[in-house]
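In what follows, chains are A, B, ... by sequence order, proteins preceding strands, each numbered from 1. The basis for the numbers below is simple: all heavy atoms, side chains too, and nothing from hydrogens, waters or symmetry mates. As the structure is a computational prediction, the values presented were derived from the model and not from experiment.
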Amino acid sequence: MKKRIFALFLSALLLSTVLCACGDAKTEEEANGFGSDGTSSSGEPVNGGELVVGISQDLGDSLDPYQMVAAGTKEVLFNVYEGLVKPDSSGNYVCAVASDYDVSEDGLTYTFTLRENVLFHNGDTVSAEDVLYSFETCAATSVEADLVAALSAVQNISAEGNQVVITLSEPNAAFICHVGMVHIVPADYADQATAPVGTGPFKFVSRSVQESLVVEKFAEYWGTPAYLDKVTFKIFEDPNALMSALSAGSVDMANHLTIDQVDAIGGDFVCLEGTMNLVQALYLNNAVEPFSNEKVRQAMSHAVDVDAILELTSAGYGAKLGTSIYPSFGKYFDESLVGYYEYDVEKAKALLAEAGYPDGFSMKITIPSNYTPHMNVGEVIAEQLSQVGIKATIEPVEWETWLTDVYAGRNFDSTVIGFTANTLYAGALLNRFMSDNESNMINYNNPEYDALMKQAAASTDDAEQTALYKEAAALLTTTAANIYVQDMADFLLIKSGVEGYQFYPMYVMDLATVHYVQ
Amino acid sequence: MNVFRFKNQKERPESLEHKDSPNYYWVIGMAISALMLVLILVGYVWTPYSTTEMSGREKFLSPCLSHPLGTDNFGRDLLSRIMEGAGSTFLIALCVILIGGIIGTIIGSLTGYFGGMADVVLMRVCDAITAFPSILLALVLIAVIGMGKYQIILILGILFIPSFARVVRGEVAKQRTLNYVQAARLMGASHMRIIFLHILPNTIQVLLPILTIGFNNAVLAEASMSYLGVGVLPPDASLGRMLSESQTYLAKAPWYALFTGLAIVLMILGPSLLMEGYQHRKRKG
């Protein structure tokens, strides 16, 4: 559990360690053309070339696909491993190692047809036995609790020729997302942790701990091959070092930067703006006074001005949220919930008075101090709450303390944090608010919500399920379970002349589409 | 009773100083201290702007007429923030040297006067405390008792005891062998009377410098701890915390770091120069 949560928050870690970068006095913002994605190409893509990508943490844990813990490791090895299906940049699961799949009408039997002649990086052809081995090993050893739980519902898995048939004990509409997380590896290959072998567009070449990881184009890739010949991921644990390497030109690309870092950088770079894909909010402990009172929570929602928060902490960048779903979730995201609580100090005061707190109250906001963005947002929220008479003090804590006291111990008033999702399935973000869920940190207890979520999980009709999840998410908004803030902006700098980078709705860095232009 | 002291000081070479030149240390020290003191005292009752009110439109304003020191990353007036921050730093430093000074002086006087086993034990304890880097020790204690203004005062106060105890002990041990102490004893004065009425006033010459140094160290210690994020809690202003925040915007808003750092420097420089000036005055008689 702890490990998974650790992975979830690593994304925020990348943003958090923002220190000053020596700025080039001549930096002009116009030089950094802001685009929403990398699709606006200005030249013909060329094959070949090398790219050095700066990443901000060591791939400290195992490279084994089922043992990867850190989000940063998964992000990089997305280029090396694939499942039977894999997510694309719009969040749909498309066929990868499988060429086709079929789901029975009762939603219990999945039949995957393996693609012909898919090769592993070691030259062997992927066989049905490899797939069976992968599923069994993953179910037995994976560190992803969600995935293990989903795979535990697999009643039977068998291979018939080039077909793999999976039978579930109960229908699970999100099962295909989990299939995408089971990376296909060669059976009985023991060195995955140090020399990974997969089927992805890049093959692993070498790794030196705390320094770099090198991958090369896999020429025999089954799909559209990568453009780049070689990619080196260079590790810079010190953000200042990364920024100076970028300025000096020894690094061609870096992601998860803040607007301040982007502003400070010199050199010829293009800046792309994406989002962190997380739900940042002031999470309230719904079990303690006065947050157990729905009116208090609604009053607080009215007292917080999200536009001002974005303006003050990130120069206006970031996507506003109204509930526990972020925009990349596509069909589950309900735009109308954004701004459900308009900023209205008088209304907030009136609601507080109605709830029996006409003079406000004192509260603590516990925030892991290593996450500067969360700290900044917390500070602005504290100021905004003081306008309606709520005296909020900020208590910065160590990350480990946060995990034990706030997350596991649930001993807190409120906290500012971001929750991410492993899969693009609404349950990944919404399950945690069911009253009996072990991750229900905020002690949200709403029988109506529980019922909706159970109904949604049991539903096999996609449209109906989506509607139910949206309804559940709306319930979080109307009952003001938390004070929702934003999906934080995430900036990527890439050397001009390199194009094709695509943001994913999840925490991955796909380099297969990146190319130099003429 | 200051016979020996005067004799010693007369013997010091004063060739570098002209008898008539004004005491620059004293004048400049006075000016700086007065400036900071006015800022701090006024800051307790009034600041030009609210210290917490944020404004997106006024982010990173460079120094101008309405905001003489500019604004910070949340559009808060820097002068107001520095007044409040310097105020809390000053208060903490003052409390710290009061705690450390009073307890340290009492321990130092008693052990220096009576000596014996208690002296040996207490001085070794002081050695042990000083052997640790004080910031590190403070961080450990913070982890145990939690953070906040009052915790900082308590922790730093305790950590500052040895430095006072040690100096006072040495001076008292020296003084107790002098004739005036013997004379007082012969007249039947009690030990306590001798220590606190006869000897202690004579240690003022060594006590003043260490009080100044102690104050400066306390200012720095508080600023470092807030810089490391374990001192004064936001949204309260603190010079150390402001300095650590300003670091991110060094290129964008250099005045943020500059003025915050300057406030810390002035807070320390003022008393130091005053002390230096005071000693010069003394020397000239």
Side-chain angles (χ1 to χ4, degrees), chain A residues 16-27 29 239-240 243 247 258-266 305 307-316 364-373 375-387 391-398 400-401, chain B residues 49-61 71-77 80-81 84 139-140 142-152 225-238 240-254 256-258 260-261:
Chain A
S16 69
T17 45
V18 186
L19 291 170
C20 75
C22 292
D24 180 351
K26 279 178 244 154
T27 304
E29 208 159 300
N240 289 325
M243 296 318 284
S247 293
T258 65
I259 185 70
D260 294 316
Q261 288 175 310
V262 169
D263 273 355
I265 200 79
D305 181 0
D307 286 310
I309 294 177
L310 297 191
E311 187 56 42
L312 285 165
T313 59
S314 58
K364 263 200 304 197
I365 308 179
T366 312
I367 308 175
S369 57
N370 50 328
Y371 297 130
T372 312
M375 284 290 290
N376 285 340
V377 166
E379 212 170 321
V380 180
I381 289 179
E383 157 65 11
Q384 292 178 345
L385 289 179
S386 73
Q387 306 290 328
K391 282 173 281 301
T393 43
I394 291 166
E395 184 186 46
V397 294
E398 300 281 316
E400 287 302 318
T401 315
Chain B
Y49 293 86
S50 156
T51 52
T52 51
E53 198 181 308
M54 304 175 178
S55 163
R57 272 174 290 116
E58 301 192 329
K59 277 169 74 172
F60 299 121
L61 287 187
T71 59
D72 69 1
N73 55 322
F74 290 131
R76 296 175 294 199
D77 179 55
S80 309
R81 297 277 296 167
E84 194 196 320
L139 288 178
V140 173
I142 284 281
V144 178
I145 68 169
M147 50 178 120
K149 214 180 215 173
Y150 303 106
Q151 283 88 333
I152 290 277
M225 290 175 82
S226 297
Y227 179 86
L228 294 174
V230 294
V232 177
L233 300 181
D236 286 343
S238 142
R241 181 170 284 277
M242 286 166 71
L243 201 60
S244 89
E245 276 167 13
S246 71
Q247 205 179 313
T248 315
Y249 312 104
L250 208 52
K252 204 170 180 177
Y256 189 1
L258 191 72
T260 313

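- Between B/R81 and B/D72, the shortest heavy-atom contact is NE-OD2, 4.1 Å.
- Environment of CD in A/Q387: crowded, with over 12 heavy atoms of neighbouring residues, nucleotides or ligands closer than 6.0 Å.
- Contacts between B/E53 and chain A at a heavy-atom distance below 4.5 Å involve backbone atoms as well as side-chain atoms.
- In terms of the salt bridge (charged side-chain N to carboxylate O under 4.0 Å, His left out) criterion, residue partners of A/E379 (sequence neighbours excluded) are, by chain and number, B/R76.
- Within the 4.5 angstrom heavy-atom criterion, only backbone atoms of B/S55 (N, CA, C, O) approach chain A.
- Looking at A/N376, both its backbone and its side chain come within 4.5 Å of chain B, counting heavy atoms on both sides.
- Partners of B/Y227 by side chain to side chain contact (heavy atoms under 4.5 Å, CB included), not counting sequence neighbours, listed by chain and number: B/L243, B/S244, B/Q247.
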